[in-house]
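Being a predicted model, the structure only gives us computed values, none of them experimental.
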Amino acid sequence: MSKYLSISRLVAINAVVGGLEIAACVAFTFIPPLLLKTGFSETHMSIILGVAPFLALFTVPMLGKWSDSCTSKYGRRRPFICFFSIVLVFSLFLLYVGQSLPVDTGTKTIRMLLLSVGVILLDYASQASINPCEALMSDMMVGQRGEEAGFTVYSGMLSVGACIGYLLTALDWASLGFSAGNREQTALIIVLVLYSGCFLITMFSAHERPFRLPNLDDRDLDIHSKLMNAETTSDPGYESDDDETLKVSPLWPRIKGNIAVVSLRRCSLMKILTAPPKIILNALCLPLNFYRTIASAPPVLRELFWADLASWIAIMAHGMFYTDFVATAVYGGQPDAPPGSVYDLLFDEGVRMGSWGLLLHSITACVYAVFIQEHVTKMLGLRRSYQLGLGIFALSMAVTVLNTSSLSCLNLAAAASGLGYAVITTIPNALVTMYHEDPVLYFGMDAGKAGVGADIAILDSGYYLSQIGLSLVMGRLVEMTGLPHYYIIVACISGLAATLAANRVVFSPQDLK
């Protein structure tokens, strides 16, 4: 019998997602200007921003597989969310301490080291923890009525978190009578408090059932019968009134003739703590392994990955560098200007106004995802709804780069760009969940080779790749040309490419014909 999770329960389960987005938005707004002011060049700043997604690109797929087979008594996803939350809190501490050091020759090196390490840890923790959060949501929605509602709430919580994060960066806390250091340090303290609350809400509301290893006495059991007898390859992660433990376990067989060889790993706190050495060792051959992962993915998942990659390049080119663009191209500020000078004040004011633009972007994304997107999808279909959001995003980027003299026009374009963010955080994950409901139909002979956590990790790889590519290219390009407009131009072109790539994505069983 299908069940129904209330909206309040879905909001509570996704609370930590909102907390992660608060931390990420504050980071992406403050960190680029902060690194530039500390003494990093545009190129070095971009490289630092690319380290975390590079690590996440090669480690998150492996962590996704571990979470799929985690046998912790606290569930499969929550132990990983807890681990990354500890890393995130530690990174906030490093960033706060780094900014407390005086700006002089004797402490500059230590200040730069603390800030760069803090940035990398914060960026990595906020990105890597998204995978278990997405998998947790997918687990919850298995067997539910109205599966899209789960990821609509997920997208809504991302947008709410972004609104709060950008609001924290846009407000002048000193004028409001609240200060815990400079403006950045005050925002970090508030982020710590808010994230802790969101984390605790999710930990106590998402009652995952313990995962049990299957009893595999019959080695000759056909994979197709396993898939048919199992409820799904992504087992429900919520605690029902009927069952207290998971009885049907997901299987990831390796096919060799008619033999189903199941490879499952136990997950424990010790295994999580000993993961870094294994990750470093595995890093030597990670690029090749990543290529093999994408090349061997089912065709439907591979096409979705390419569209998702183009979408994230567009979204991240805008989100990562928008405040830098407004501060330099619109306000004419200079990040390396002497403190207190006119150009330094203009740069700070531009960063603050850019934060307001990103706030409008997040508000639009939240309102559209929660109240409008469902109706648009019913009228146009899932594919056209997806393309509409990305198309409007690309148009808003074109308006942004062509009208740098009008602040009102920039704010309207920033607000409109939220539609792209709404569809990219809602539809792809919902499609993966749909694929796993009937894996034989969508994956064919590849059915059962991976759990939902591993497949969502493939999509997350597009998110990480987008940041790596932008970090390697954009900083150097802007430093060579002196034109921050390229940030927005790349976002526009990538948005158009994603709109076209969506034509190859499978949105329904009819698309397989």
Side-chain angles (χ1 to χ4, degrees), residues 21 24-34 36 42 159 162-172 183 311-335 337 342-368 388-424 470 474-475 477-478 481-496 498-499:
E21 192 67 9
C25 290
V26 170
F28 280 131
T29 302
F30 277 147
I31 283 173
L34 180 63
L36 292 174
E42 288 274 359
S159 299
C163 291
I164 296 174
Y166 291 132
L167 182 62
L168 293 179
T169 61
L171 293 175
D172 185 355
R183 189 160 66 103
S311 302
W312 278 118
I313 291 175
I315 296 295
M316 297 311 298
H318 174 253
M320 290 173 65
F321 303 111
Y322 184 73
T323 53
D324 190 12
F325 168 77
V326 174
T328 54
V330 178
Y331 276 77
Q334 297 177 3
V342 174
Y343 290 110
D344 179 64
L345 295 176
L346 285 174
F347 186 83
D348 288 342
E349 182 65 15
V351 170
R352 195 170 69 86
M353 292 308 298
S355 299
W356 283 110
L358 292 175
L359 174 61
L360 295 174
H361 162 94
S362 301
I363 292 174
T364 303
C366 180
V367 172
Y368 182 78
L388 176 65
L390 293 173
I392 292 178
F393 175 87
L395 179 62
S396 68
M397 293 298 99
V399 172
T400 299
V401 79
L402 294 174
N403 292 273
T404 56
S405 59
S406 174
L407 191 60
S408 299
C409 188
L410 285 175
N411 286 333
L412 288 175
S417 67
L419 271 66
Y421 186 79
V423 298
I424 193 61
L470 292 171
M474 297 310 301
L477 179 62
V478 171
T481 62
L483 295 174
H485 302 72
Y486 281 108
Y487 294 138
I488 310 302
I489 293 173
V490 169
C492 178
I493 295 174
S494 300
L496 291 174
T499 305

side-chain contact (heavy atoms from CB on, under 4.5 Å) assessment of L470 paired with F321 | CA-CA 10 Å; L470 292 171; F321 303 111; 4.2 Å; yes
Minimal heavy-atom distance between V399 and A413, with the atoms involved, is CG1-CB, 4.2 Å
Across all chains, not counting sequence neighbours, the side chain to side chain contact (heavy atoms under 4.5 Å, CB included) partners of L167 are L171, W356, L359
Under the side chain to side chain contact (heavy atoms under 4.5 Å, CB included) test, residues paired with D344 that sit two or more places apart | K37, A337, S341, D348
Could you tell me the separation between the CD atom of E21 and the OG atom of S159, rounded to the nearest 0.5 Å?
-> 7.5 Å
Please list, chain by chain and in numerical order, all residues satisfying ring pair (Phe, Tyr, Trp, His ring centres under 6.0 Å) with Y368, sequence neighbours excluded.
-> none
What pairs with T400 under side chain to side chain donor-acceptor pair (under 3.5 Å), at least two apart in sequence or on another chain?
-> none
Excluding sequence neighbours, so at least two apart, what forms ring pair (Phe, Tyr, Trp, His ring centres under 6.0 Å) with Y166?
-> none
Mark yes or no for whether T323, through its side chain, and V351, through its backbone, hold a donor-acceptor pair below 3.5 Å.
-> no
Test side-chain contact (heavy atoms from CB on, under 4.5 Å) on R183 and R352 and set out the steps.
-> CA-CA 11 Å; R183 189 160 66 103; R352 195 170 69 86; 4.1 Å; yes
Interatomic distance, SG@C366 vs OH@Y421, rounded to 0.5 Å, equals 10.5 Å
OG-CG distance between S408 and N403, expressed to the nearest 0.5 angstrom = 11.0 Å
Rounded to the nearest 0.5 Å, how far does CD1 of I315 lie from NE2 of H361?
-> 6.0 Å
G333 and L346: which non-hydrogen atoms are nearest, and at how many Å?
-> CA-CB, 4.0 Å
How far apart are the closest heavy atoms of P484 and T328, and which atoms are they?
-> CG-OG1, 3.3 Å
Closest non-hydrogen atoms of T404 and V401, given as atom of the first, atom of the second and distance, are CG2-O, 4.0 Å
What residues form a side chain to side chain donor-acceptor pair (under 3.5 Å) with Q334, not counting sequence neighbours?
-> none
How far does OG of S355 sit from CG of L360, to the nearest 0.5 angstrom?
-> 11.0 Å
Under the side-chain contact (heavy atoms from CB on, under 4.5 Å) criterion, do F325 and V330 qualify, and how do the steps go?
-> CA-CA 7 Å; F325 168 77; V330 178; 4.3 Å; yes
Ring pair (Phe, Tyr, Trp, His ring centres under 6.0 Å) partners of F30, counting only residues at least two apart | none
With rounding to the nearest 0.5 Å, note down the distance linking CE in M353 to OH in Y331.
-> 4.0 Å
Taking only residues two or more places apart in sequence or in another chain, which ones pass side chain to side chain contact (heavy atoms under 4.5 Å, CB included) with T481?
-> L477, L483, Y486
Atom pairs and distances, donor-acceptor, side-chain atoms in residues 489-496, under 3.5 Å, two or more places apart:
{"residue": "S494", "atom": "OG", "partner": "V490", "partner atom": "O", "Å": "2.9"}

N411: side chain to side chain donor-acceptor pair (under 3.5 Å) partners, not counting sequence neighbours = none
Who passes side chain to side chain donor-acceptor pair (under 3.5 Å) against T499, sequence neighbours left out?
-> none
Might you point out which heavy atoms bring G165 and C25 nearest each other, and give the distance in Å?
-> CA-CB, 4.2 Å
Minimum-distance pair of heavy atoms, taken over all atoms of T169 and V26 = CG2-CA, 3.8 Å
Ring pair (Phe, Tyr, Trp, His ring centres under 6.0 Å) partners for Y322, two or more places apart = H318
